[in-house]
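Chain identifiers are assigned alphabetically (A, B, ...) following the order of the sequence lines, protein sequences preceding nucleic acid strands; residue numbering begins at 1 within each chain.
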Amino acid sequence: MNGKIFKSSFISILDNTLRITWVVILVIITNITIIFKKLNEFNIGIKFNFLLLAILLLFLTVVIVYNYILWKATSFKVNNKTIEIYNNIFVKDKREFMLKNIANIGISQNIFERIFKLYRIRSYTNAKNKMFCDFEIILKKADYLSLLNKFKINALPSINAKRIKFNFIDILRSSILSIPISSIIIIVNFILLIYNMISSKTIIKETLYDFLGLIITLLGFVFPVIYSILKNVIKYIYYQIERHDENIILNFGLFTRKTYIIPIDKIKGIIIDVSLLSKIFRCYKINIINSGIGDNKNEIYMLFPISSKKLCQKILNEILPEYDINNNYKMQPRETFVILISQILVLLLILIIPCIYINMKLAMIISILLFVSIFFIYFIKRLIIEENNLCIINGFFIKRIKIIKYEDIKSVEIVDGPISKRYGICKLKVNLMEKFNIINNSTGYITRKDMYYIVGKIVNNNFNEI
Amino acid sequence: MYYNKLSENSAKYIFTIYLLLAILINLVIIALSIIVESMVELKYKLVFNLVLISVIIIIYIFSILKSTLLISNYSYIINDNKIESIRGAFIVKRDIMLLKNVYKIEINRRIISRIFKVADIKFISCGGTIKLKYIGYDKLNKIENIIQERMCNI
């Protein structure tokens, strides 16, 4: 089959070298005066600085040579149905995958690439635990457009295309809400401490007395949080999301402009995360289940910036109406209490009997805690069953809501215990192409009628009772 | 719908495996008891030996009971649409996977299983796996052919 052969631009050697060695180059540039000084001296005896610079230059040369060999040996051939990647450095290596399996294309341009009008393209095929992309190529604009054309991806907006832009305040709010709660506690404590010192007029005295402590607190706890917020603001500023007929396109970034093209049919579900901080400010973080999204720390981890609940629902309705759900969730059946109580009683027998001999109060506290946990476990799981989607809600204050299409569920596991069978309930675990850090997809206890409805939807009503 | 039960060969294989396991544990316990007796002077030797014998008996009874329950409660079905396996006596687990989602098949034949002409088949999709255990060679080829016809790439 004849196909078009693509090769990374020659400037990509320099670009890739810069990505690895920018620190080394910075060291060389800052030490340039020493280099000239050494050259002028014509000193025969090798000094430490000269040796260090020589090693750095050698490292730089090795990286350039390595990148040149890699560039020379790598090529991409795109056919009508497949893409072949040749990597013939020492061993003749050929990888091939179907174009229809491409789940996500990420295009990025850093400042250097923008100067030379280059496009860095990363592509992921749908698979579990996708930490690394399937291929990466740096192309000039004409080749880049030609490659997209070969992929049969129509990134041009149609009449029905919907576009939502986010302003600076949205991005800043999202960046602040992305901070872990532990960092927030430290920052609040630090601000309260400073306020206390200012109000008692002892700030100068205290600072002079424990200057080292202040520096350690600033460098160790405060600056990393500020850096994280600034980094996220710079990374996600000018965020824009577009819904086309077949794809979703995300654009963002100040220095490094990034674009993601995600085919709608390759989105395997939606995850809505509500952290404690988001819960306080009534905000949601929405992400999609798609290869490459959120798996690697360099890739995007959200569909759009963290926004208020109402705005999230509105955006989701416009961008992904396929995943629109109602709010009529089902709790676990009341019979679940019987199973939970029996499980807790077994635990009580194991824990309480030895505790009674040691301390009666301790035994009482443990038994009360265990019985309270029954209610907690009962209320933690909720379920929304719809015509096309299944929604699993996990958690109480910190929530994770997962919306999955029945057709995207790959396998199911039905668990029936002796008590649950008697009361007509069972547990259902659904498996789909997931992110590597998410394992539990259990619906909790559901009635057998609901189980038959869900499993029937998954296996196209080809499911029968034993 | 007809669910396949394990064949006679598979039942023999399961019995043998559990019996071998019980014998192995038995040997380890005996070896440990000999070492303990040679190193420490036991006060209640008779009680110690009685406890050991009862533990060994329990292990054998458990292995026979476990293998019997496994054989009687294991069933599977493969039709045009799906693979389904049911296992467990008290807690029953039922795995279902659509044939169109299978993208890889793994067949494991171990040393003892080859004697009894039994193999394990693992069906892998991009969202989980299903394992059909103790399948006889006569059915293995049939299952493999059905799956290969129906499966498609993800």
Over 12 foreign heavy atoms within 6.0 Å of [atom1], [X]:
| X | atom1 | value |
| --- | --- | --- |
| A:Lys266 | NZ | yes |
| B:Lys139 | NZ | yes |
| B:Phe48 | CZ | yes |
| A:Lys427 | NZ | no |
| A:Tyr423 | OH | no |
| B:Lys142 | NZ | no |

To the nearest 0.5 Å, what is the distance between [atom1] on [X] and [atom2] on [Y]?
| X | Y | atom1 | atom2 | value |
| --- | --- | --- | --- | --- |
| B:Ser125 | A:Ile409 | OG | CD1 | 11.5 Å |
| B:Ile96 | A:Ile458 | CD1 | CD1 | 8.0 Å |
| A:Ile414 | B:Lys93 | CD1 | NZ | 12.5 Å |

Any chance you could lay out the side-chain contact (heavy atoms from CB on, under 4.5 Å) test for A:Val459 and B:Leu98, step after step, and finish with the verdict?
-> CA-CA 7 Å; A:Val459 297; B:Leu98 286 179; 3.8 Å; yes
Contact origin within A:Ile419 toward chain B - heavy atom pairs under 4.5 Å | neither
Indicate yes or no for a side-chain donor-acceptor contact from B:Asn101 to the backbone of A:Ser411 under 3.5 Å, with no hydrogens or angles considered.
->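 Not confirmed, B:Asn101 side chain does not pair with A:Ser411 backbone.
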What pair of heavy atoms forms the shortest contact from B:Met97 to A:Lys410, and how long is it?
-> CG-O, 3.4 Å
Nearest heavy-atom pair of A:Val415 and B:Ile91: which atoms, and what distance?
-> CG1-CG2, 3.6 Å
